[in-house]
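Every value quoted in this text rests on a predicted model; they were computed, and no experiment measured them. Excluded from the calculations below are hydrogen atoms, water molecules and symmetry mates; all remaining heavy atoms, backbone and side chain alike, are included.
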Amino acid sequence: MSDEKAGTLPRDLTLYLLARFVLVGVIAWVLTLVGVPLLVALLVGLVVGLPLGLLLFRPLNARVTAGLAKRNEKRARARAELRAQLRGDAPGSAE
């Protein structure tokens, strides 16, 4: 997954969140059709939709997780470089 573009994380994250919201909405809608009050249906949709979304959207979740890990790796590298420069350990620092 290292050859993927860096700009796919926002798209993947948005798709994942929308898919999870749609899943909760569908569960709540089905429960409302059965006669469950709307607020109860939404609460049950949230409780059931959380684990079900992890199972149904596993590939999308893996892409989001990989994108977040890549972003965190870049940030950690930049933070380590900055700390090295502040300590004076950077290769380009002249004293």
Side-chain angles (χ1 to χ4, degrees):
M1 287 191 151
S2 60
D3 8 353
E4 284 185 309
K5 291 186 231 168
T8 61
L9 177 62
R11 183 198 57 172
D12 290 342
L13 188 58
T14 303
L15 284 173
Y16 184 64
L17 288 174
L18 285 176
R20 299 282 301 259
F21 281 133
V22 167
L23 179 65
V24 169
V26 167
I27 292 170
W29 176 69
V30 168
L31 289 173
T32 306
L33 288 178
V34 175
V36 177
L38 180 62
L39 185 59
V40 175
L42 284 172
L43 290 174
V44 170
L46 279 172
V47 170
V48 172
L50 289 174
L52 192 59
L54 287 174
L55 291 174
L56 292 176
F57 308 125
R58 185 169 293 189
L60 193 54
N61 185 3
R63 288 195 332 226
V64 169
T65 303
L68 288 173
K70 188 185 301 184
R71 186 191 70 165
N72 287 340
E73 179 183 313
K74 287 179 186 176
R75 292 179 73 193
R77 202 176 317 119
R79 189 172 32 247
E81 274 183 31
L82 178 62
R83 286 185 179 152
Q85 286 176 357
L86 292 173
R87 281 192 313 262
D89 297 342
S93 64
E95 292 189 37

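How far OG1 of Thr32 is from CD1 of Ile27: 11.5 Å, rounded to the nearest 0.5 Å. Atom CZ of residue Arg11 and atom CG of residue Leu9 lie 10.0 Å apart, to the nearest 0.5 angstrom. Distance CG/Leu18 to CZ/Phe57: 10.5 Å, rounded to 0.5 Å. The structure places CZ of Arg63 at 10.5 Å from CG of Asn61, a figure rounded to the nearest 0.5 Å. Here the CZ-CD distance, from Arg87 to Gln85, works out to 10.5 Å after rounding to the nearest 0.5 Å.
The shortest non-hydrogen separation linking Leu23 to Gly49 is CD2-O, 3.6 Å. Minimum interatomic distance between Leu60 and Leu15 (heavy atoms only, all atoms of both residues): CD2-C, 3.8 Å.
Apart from Val24 itself, the hydrophobic cluster it occupies contains Leu46, where clustering links Ile, Leu, Val, Met, Phe, Trp and Tyr at side-chain heavy-atom distances under 4.5 Å. Hydrophobic clustering, defined by side-chain heavy atoms of Ile, Leu, Val, Met, Phe, Trp and Tyr closer than 4.5 Å, leaves Val47 isolated from every other such residue. Counting Ile, Leu, Val, Met, Phe, Trp and Tyr side chains that sit under 4.5 Å apart, directly or through other members, Leu55 stands alone, with no cluster partners. Leu86 belongs to a hydrophobic cluster whose other members, connected by ILVMFWY side-chain contacts under 4.5 Å either directly or through intermediates, are Leu82.
In this view, Arg75 satisfies the salt bridge (charged side-chain N to carboxylate O under 4.0 Å, His left out) rule with no residue, not counting sequence neighbours.
A salt bridge does not link Glu81 to Arg77: none of the charged nitrogens lies less than 4.0 Å from a carboxylate oxygen.
Residues Leu13 and Leu56 fall within the same hydrophobic cluster, defined by Ile, Leu, Val, Met, Phe, Trp and Tyr side chains chained together at heavy-atom separations under 4.5 Å. Note on Leu50 and Val64: separate hydrophobic clusters, where clusters join Ile, Leu, Val, Met, Phe, Trp and Tyr whose side-chain heavy atoms are under 4.5 Å apart, directly or indirectly. Linking ILVMFWY side-chain heavy atoms closer than 4.5 Å, directly or via other members, places Leu38 and Leu31 in two distinct hydrophobic clusters. Residues Val36 and Leu43 do not share a hydrophobic cluster, defined by chaining ILVMFWY side chains whose heavy atoms lie under 4.5 Å apart. Note on Phe21: it does not cluster hydrophobically with Val30, by side-chain heavy-atom contacts below 4.5 Å among ILVMFWY residues.
Among residue pairs with one or both ends in residues 20-30, those qualifying as side chain to side chain donor-acceptor pair (under 3.5 Å) are Tyr16-Arg20; sequence neighbours excluded.
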